[in-house]
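As structure tokens, the structure follows; a few thoughts come after it.
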Amino acid sequence: MVYSTSIGFRITFLGVLLIILLSIASVPEGSFVSRLNAVSVTLIGLCLFASLYLERWVFDRKANLFEKNVGILPLYWRRKTPLDALQKVVFHEAGPKTDDRPRLLGRVPGRIAVLFVVDRDARSYRLDTARGGAVREMRRSAERLSAFCSIPLEDNAEDSQSEAGP
């Protein structure tokens, strides 16, 4: 099982990069290099970095391996841990439920959730963070991950919802 940066994330930043490059190339005066400024170079660099960024978590039952890959493609570092060293999957959700927010304050931040795993040495590894509608999908990912690794899922959503209420 692999939990990774999505292809959509990379495509979005490659699209933005392409738009920036096309807009710079469409200016008729001067060479391409002479039309670059600090803002465009910074945006190009950020988009290139984001499109090549890798954060991947590999869970391999057959090899008894839990592996974290982080870096820039094709160069990244790996940290390997035995899969059976994982103790639990934790899904932590906080913030007011949608029904608890005042109607006039539609811009008040909603619920936020964090998914992580904890090993026997109490080290935690944050896999992902989500807001809004993505929280539900992350909860399903937490359930699948817990089942795949055969370790318990600690889901505090019920606790935090009762704390947010009157």
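- Listed by chain and residue number, Y3 satisfy the side chain to side chain donor-acceptor pair (under 3.5 Å) test with D128 (two or more places apart in sequence, or in another chain).
- A continuous path of ILVMFWY side-chain contacts below 4.5 Å connects F49 to W77, so both sit in one hydrophobic cluster.
- Qualifying salt bridge (charged side-chain N to carboxylate O under 4.0 Å, His left out) partners for E55, counting only residues two or more places apart in sequence or in other chains: none.
- Qualifying side chain to side chain donor-acceptor pair (under 3.5 Å) partners for S4, counting only residues two or more places apart in sequence or in other chains: none.
- Take R79 and apply the side chain to side chain donor-acceptor pair (under 3.5 Å) test, not counting sequence neighbours, and it matches no residue.
- When atom types are taken as modelled, the side chain of D119 and the backbone of D121 share a donor-acceptor pair closer than 3.5 angstrom.
- Residues W57 and K68 share a closest heavy-atom pair of CH2-CD, 3.3 Å.
- Separation of atoms CZ (F91) and CG (N156) is listed at 8.0 Å; rounding is to 0.5 Å.
- Of all non-hydrogen atoms in M138 and A130, the two that sit nearest each other are CE-CB, 2.9 Å.
- L73 belongs to a hydrophobic cluster with L54, Y76, counting contacts under 4.5 Å between side-chain heavy atoms of Ile, Leu, Val, Met, Phe, Trp and Tyr, direct or through other members.
- From L52, atom CG reaches atom CZ of R10 across 7.5 Å, with rounding to the nearest 0.5 Å.
- Scanning for salt bridge (charged side-chain N to carboxylate O under 4.0 Å, His left out) contacts around R61 gives an empty result, with sequence neighbours left out.
- No side-chain heavy atom of L65 sits less than 4.5 Å from a side-chain heavy atom of L83.
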ring-ring contact (aromatic ring centres under 6.0 Å, His included) evaluation trace for F66 with F59: CA-CA 5 Å; F66 167 58; F59 301 85; 5.0 Å; yes
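- With sequence neighbours excluded, no residue forms a ring-ring contact (aromatic ring centres under 6.0 Å, His included) with F148.
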Please walk me through it: do R140 and E143 pass salt bridge (Lys or Arg N to Asp or Glu O under 4.0 Å)? CA-CA 5 Å; R140 284 192 290 267; E143 292 165 352; over 6 Å; no
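- Residues satisfying the salt bridge (charged side-chain N to carboxylate O under 4.0 Å, His left out) test with E67, not counting sequence neighbours, are R78.
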Ignoring hydrogens and angles, write down the donor-acceptor pairs under 3.5 Å from the side chains of residues 16-25, residues two or more places apart or on other chains.
| unit_1 | atom_1 | unit_2 | atom_2 | d |
| --- | --- | --- | --- | --- |
| S23 | OG | I19 | O | 3.3 |
| S23 | OG | I20 | O | 2.8 |

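- The shortest distance between side-chain heavy atoms of V58 and K80 does not fall below 4.5 Å.
- Put simply, M1 and L86 are part of the same group of oily side chains (I, L, V, M, F, W, Y) that touch within less than 4.5 Å, one to the next.
- A single hydrophobic cluster is not seen to contain both V90 and L145; linkage of ILVMFWY side chains at heavy-atom distances under 4.5 Å, directly or through other members, places them apart.
- The shortest non-hydrogen separation linking L48 to S51 is O-OG, 3.0 Å.
- Residue F9 is found in a hydrophobic cluster whose other members, listed by chain and number, are F13; membership requires side-chain heavy atoms under 4.5 Å apart, directly or through intermediates.
- Note on V114 and Y125: separate hydrophobic clusters, where clusters join Ile, Leu, Val, Met, Phe, Trp and Tyr whose side-chain heavy atoms are under 4.5 Å apart, directly or indirectly.
- With hydrogens and angles ignored, the 3.5 Å screen pairs a side-chain donor or acceptor of S146 with a backbone N or O of I151.
- In this structure K88 satisfies the salt bridge (charged side-chain N to carboxylate O under 4.0 Å, His left out) test together with E154, sequence neighbours excluded.
- A single hydrophobic cluster is not seen to contain both L127 and V118; linkage of ILVMFWY side chains at heavy-atom distances under 4.5 Å, directly or through other members, places them apart.
- Applying the side chain to side chain donor-acceptor pair (under 3.5 Å) criterion to R136, with sequence neighbours excluded, gives no partner residue.
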